[in-house]
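For reference, the structure is listed below as structure tokens.
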Amino acid sequence: MCCNYSICVRVLVALLLCASVSINAQLSTTFYLRTCPNLQHIVFDVVAKASFSDPRIGASLIRLHFHDCFVQGCDASILLNKTATIDSEQDAFANANSIRGFDVVTKMKESVETFCPGTVSCADILAMAAEVSSEIGGGPQWKVLLGRRDSLTANRSLANQNIPAPFFTLDQLKASFQNQGLDTNDLVALSGAHTIGRAHCRVFVNRLYNFNNTGNPDPTLDSDYLQTLQEICPQNGNGNSLTNLDVSTPNILDNRYYSNLRSQRGLLQSDQELYSTPGADTISLVDTYSNSKIAFNQQFAQSMIKMGNIGVLTGDQGEIRSHCNFVNGS
Ligand code: HEM
Ligand SMILES: *[C@@H]1O[C@H](CO)[C@@H](O)[C@H](O)[C@H]1NC(C)=O
Ligand SMILES: *[C@@H]1O[C@H](CO)[C@@H](O)[C@H](O)[C@H]1NC(C)=O
């Protein structure tokens, strides 16, 4: 009798643990419904205000979320500044002198902390900021899944390993995304984020003068566009000038990125690879998104949600940081 009772209790406890684990293990759109009902408005306000003085900020915030998610999951690890114990991802090749938006994230966090102290993770703020940036930029809206927790660590060498490079071939791009559980369709749809924002000459200048050490420009680059880019980026310049990733509608999150690719006006090699790799399965996807803003919007939203689910910390994993740039108590 006593034994049966204790087994019964154990089974009950196990069931409860199981239930709480499975509830915590996944994100939900209503996670802060009671604990921070104004969250969406707070984040929207800060991004909208920042956009007035800096039309590029939405692009920078979307990229911040991407570079967070590809390194040990969407856990705000990218926000951790360098300290004695943190090897900051901000110093990784893809991020150094390139990634931006930290000050606006701090503003969002401060505003969120006044209304709902100690409640909302920095990882969730990044996910929401990306969605709001899409909305403000003329792109799709979606219901953001929430409930992520913030990491206690960062990993610069993993950032160097996982964030794809602009000189990657299509096979390398596919492998990089596959490593995160993202497929070819996600790769093509998410690359559409390059419909907004800027890039430095240094990340594509090899295409303009000496592509793959041939001594010639990349043959998949339109000749007028090549000439324009050569004026912006001289062969022996410092590489720090900026140009628009989308030559046609630089600040609108639309599907012009894909029509640019079809007219050989992709800025990065990694962009043009999607359309100019002979026989690739990405060509028809580029055609589809170029022909239909609706199809693009639908898939971009779906793939952003999928990316936002990568390796999330939930339940009692990690923490809710008080300041996004530092782990608590440091
Ligand atoms: C497919 C592989 C990708 C590669 C190789 C790549 C590479 C790059 C590079 C080199 C830049 C310019 C950085 C600079 O010059 O400072 C850039 C900018 C940008 N990337 Fe990507 N990217 C990729 C995918 C993505 C994805 C999946 C997203 C988001 C969903 C994204 C969003 C952006 C945005 C919005 C910018 C402009 C940022 C700004 O203006 O601050 N990229 N990317
Ligand atoms: C943390 O790093 C960011 C980006 O490098 C920088 O803008 C910010 O000033 C740093 N914050 C602190 C408190 O050191
Ligand atoms: C960082 O990532 C590397 C893989 O590049 C891994 O070997 C290492 O254990 C990670 N370090 C930490 C502190 O998580």
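Read the numbers this way: they start at 1 and go in the same order the structure lists the ligands and their atoms.
In summary, Arg100 and Asp54 engage in a salt bridge, as defined by a charged side-chain N under 4.0 Å from a carboxylate O. The pair Arg156-Asp91 does not meet the salt-bridge criterion, since no charged nitrogen lies less than 4.0 angstrom from a carboxylate oxygen. Remark: Lys293 does not engage Asp254 in a salt bridge, criterion side-chain N to carboxylate O under 4.0 Å. Under a 4.0 Å N-O distance rule, the pair Lys49/Asp45 qualifies as a salt bridge. Here Asp281 pairs with Lys174 in a salt bridge; the nearest charged N to carboxylate O distance falls below 4.0 Å.
Numbered from 1 in the order shown, with element, the atoms of ligand 1 that lie under 4.0 Å from a heavy atom of Gly197 read 37 (C), 40 (O). Listed by number with element, the atoms of ligand 1 under 4.0 angstrom from any heavy atom of Pro166 are 5 (C), 10 (C). Each of the atoms 18 (C), 19 (C), 36 (C), 37 (C) of ligand 1 lies under 4.0 Å from some heavy atom of Leu245. Every atom of ligand 1 with a heavy atom of Leu268 under 4.0 Å away is listed here by number and element: 7 (C), 8 (C), 9 (C), 10 (C). Of all atoms in ligand 1, numbered sequentially from 1 with element shown, those under 4.0 Å from a heavy atom of Ser98 are 13 (C), 14 (C), 16 (O). Each of the atoms 28 (C), 29 (C), 30 (C), 31 (C), 32 (C), 35 (C) of ligand 1 lies under 4.0 Å from some heavy atom of Ala193. Per-residue contacts place Leu173 under 4.0 angstrom from the following atoms of ligand 1 (heavy atoms of the residue considered): 1 (C), 2 (C).
For a threshold of 3.5 Å applied to N or O pairs, the pair formed by Arg100 and ligand 1 contains no separation below that value. Among the atoms of His200, some N or O lies under 3.5 angstrom from an N or O of ligand 1. Checked against a 3.5 angstrom limit, the closest N/O atoms of Ser270 and ligand 1 fall outside it. An N or O contact shorter than 3.5 Å is missing between Ser191 and ligand 1 by distance. Geometrically, ligand 1 and Asn97 share no nitrogen or oxygen pair separated by less than 3.5 Å.
A tilted orientation is assigned to the rings of Phe296 and Phe300, their planes being inclined by 30° to 60°.
The protein atom (non-hydrogen) at minimum distance from atom 28 (C) of ligand 1 is Phe66 CD2, 3.5 Å. Here the heavy atom of the protein found nearest to atom 7 (O) of ligand 2 is Phe102 CB, 4.4 Å. Protein heavy atom nearest atom 4 (C) of ligand 3, with residue, atom name and distance: Gln161 OE1, 3.5 Å. Ranking protein heavy atoms by distance to atom 39 (C) of ligand 1, first place goes to Arg56 NE, 3.4 Å. For atom 1 (C) of ligand 3, the closest non-hydrogen atom on the protein side is Asn155 ND2, 1.4 Å. Among all non-hydrogen protein atoms, the one lying nearest atom 14 (O) of ligand 2 is Asn81 ND2, 3.3 Å. Atom 13 (C) of ligand 2 has Phe326 CE1, 3.6 Å as its closest protein atom, hydrogens excluded (heavy atom only). When only non-hydrogen protein atoms are considered, atom 5 (O) of ligand 2 lies nearest to Gln90 OE1, 3.1 Å.
Of all the listed residues (Met307, Arg63, Lys174), Arg63 holds the heavy atom that lies closest to atom 17 (C) of ligand 1. Looking at His67, Met304, Gln172, His194, it is His194 that brings a heavy atom closest to atom 22 (N) of ligand 1. With atom 1 (C) of ligand 1 as the reference point, the heavy atom nearest to it among Phe70, Phe177, Phe93, Phe204 is part of Phe177. Among Leu190, Asn244, Leu242, the residue whose heavy atom lies closest to atom 27 (C) of ligand 1 is Leu190. Across Pro164, Ala94, Ala165, heavy-atom proximity to atom 2 (C) of ligand 1 is greatest for Pro164.
With a heavy-atom cut-off of 4.0 Å, Leu187 touches ligand 1 through its side chain alone.
Proximity of Met128 to Ile125: side-chain heavy atoms (C-beta onward) are nowhere separated by under 4.5 Å.
Atom 9 (O) of ligand 2 is not flagged as protein-proximal [any protein heavy atom, distance under 4.0 Å].
A heavy-atom separation below 4.0 Å is not found between Asp271 and ligand 1.
Counting only distance, with no hydrogens or angles, the side chain of Asn325 and the backbone of Leu79 share a donor-acceptor pair below 3.5 Å. Listed for the Gln72 side chain is a donor-acceptor partner under 3.5 Å among the backbone atoms of Thr153.
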